[in-house]
2 protein chains.
Amino acid sequence: MDKTKQKKLAAAGFRTGDAKDFLGLTDEEAAFVELKLALADFMRDVRVEHGWTQTHVARLIGSSQSRVAKMEAADASVSIDLLVKSLLALGATRKQVGQVISRAA
Amino acid sequence: MDKTKQKKLAAAGFRTGDAKDFLGLTDEEAAFVELKLALADFMRDVRVEHGWTQTHVARLIGSSQSRVAKMEAADASVSIDLLVKSLLALGATRKQVGQVISRAA
DNA sequence: GACGCATATGTCGTATCTGACATATCGTGT
DNA sequence: ACACGATATGTCAGATACGACATATGCGTC
C-alpha cells in the first residue's frame, strides 16, 4: 500500500497496522472508505482550482473552517451526505460526483 | 412534473405545492434529492433482481425491515451514507454506485 | 524569531440518523 | 370474507454527525 493512501486511511479513522483492520476490514468497508476519500480529494480539488481558502468555502456552504478541513481529510466524523451536499453547493454537478465515485482508486 | 416523481419527492420530505418548495428549493437541493432517489431506486432494483424480501435484506445489512422500506422510499430520515453502505453490502460495486449517481433523471 | 494567514486537531452541546418495535396497509390465494 | 406474507408508516431511546469555538501547526515575509 502506498504511503499517501495509508496516511489518508488513518485520517479517516482506520489505523493500518493494528489487528482489527487487517483481519476485519471487509471489502465493503474498504470500498466505502475509498469512496469517501475520492469525494474528499475532489472537494479539495474544486476548492484549490477556484483559489478559495477553507474559510471561504465554509462561508459558501454554511459551515466552519474546521469542518471543511475535516471534509478534505475524510475525517471519520464527516458523512457522505455532507460531502455531496457541499460539492453540489460549490457548483459540482451530480454527474461529476458520480464520475468521481466511479473512478477506480 | 410527472406524478411518480412528485410522489417520491413528497416521500423524501418535500411537499410539492407549498410555498417553501417552489420558492426555496434550490438547484443543489433538488439535485441532492434526486441523487438520493436514484440510489433508493437502485437499492430496490438490486433487491428485486435477487428475489429478496425487505426482511431478508435487513438481515444481510444488519438492519430492520422498516428501515429498508424507508431506504427504498428515500425517506427523509435515511442518509446517503446508509444507502451507499447498504448497497455495497448487497454486492454492488463502487463503480455501479457512481454510475447510478451520474445517470440523469 | 515574531508576525500574519492558512490549515489541522480536539472538544462540546445540539441536531439528526439509527435500529427496533408496533401497527397499518397492500396483495393474493383460498 | 379471511388469513398471511410483504411492505409501509409512526414512534422512540441511543448513537452519530453537525457547526462552532479554541488551539495547534505549518509557512512564507519581514
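Note on naming: letters A, B, ... go to the chains in the order of the sequence lines (proteins, then strands), and numbering restarts at 1 for each one. None of these values were measured; they are calculated from a predicted model.
Residue pairs meeting the salt bridge (Lys or Arg N to Asp or Glu O under 4.0 Å) criterion with at least one member in residues 42-63 of chain B, sequence neighbours excluded, are B:Arg44-B:Glu72, B:Arg47-B:Glu72. Applying the ring pair (Phe, Tyr, Trp, His ring centres under 6.0 Å) test to residues at least two apart or on different chains, the pairs with a partner in residues 51-78 of chain B are B:His50-B:Trp52, B:Trp52-B:His56.
Note on A:Ser63: a side-chain N or O is less than 4.0 Å away from OP1 or OP2 of D:dG19.
Without hydrogens or angle criteria, A:Gln96 side chain to A:Thr93 main chain gives a donor-acceptor distance under 3.5 Å. With B:Asp81 contributing its side chain and A:Ile80 its backbone, the two residues share a donor-acceptor pair below 3.5 Å. In this structure a side-chain-to-backbone donor-acceptor pair under 3.5 Å is present from A:Lys36 to A:Val78. The backbone N or O of B:Gln99 sits less than 3.5 Å from a side-chain atom of A:Ser102, completing a donor-acceptor pair.
Each of C:dG19, C:dA8, D:dA8 was ranked by its minimum atom distance to the side chain of B:Ser64; first place goes to C:dG19.
The base of C:dA6 lies outside donor-acceptor range of the side chain of A:Gln65, with no N or O pair under 3.5 Å. A donor-acceptor contact under 3.5 Å is not formed by the side chain of A:Lys70 with the base of D:dG19.
In terms of heavy-atom proximity, A:Ala89 sits nearest to A:Ile61 at CB-CG2, 4.0 Å. Taking all atoms of both residues into account, the shortest heavy-atom contact from B:Ile101 to A:Arg94 is O-NE, 2.8 Å. What you find for A:Asp75 and A:Ser77 is that their closest heavy atoms are OD1-N, 2.7 Å.
Under 4.0 Å is where a charged nitrogen must lie from a carboxylate oxygen, and between B:Lys85 and A:Glu28 no such pair does.
Here the C1' atom of nucleotide D:dT9 and the CE atom of B:Met71 are 15 Å apart, to the nearest Å. A:Arg67 places its CZ atom 13 Å from the P atom of C:dG10, with the value rounded to the nearest Å.
In the helix from C:dG1-D:dC30 to C:dT30-D:dA1, the rotation axis of the first five pairs and that of the last five pairs differ in direction by 40°, rounded to 10 degrees.
Residues from residues 77-85 of chain A that place a heavy atom under 4.0 Å from any atom of DNA chain D, listed by number: A:Ser77, A:Val78, A:Ser79, A:Leu82. For residues 44-60 of chain A, proximity to DNA chain C is found at A:Arg44, A:Arg47, A:Thr53, A:Gln54, defined as any non-hydrogen atom under 4.0 angstrom from a strand atom.
In this structure A:Ser63 satisfies the side chain to side chain donor-acceptor pair (under 3.5 Å) test with no other residue, sequence neighbours excluded.
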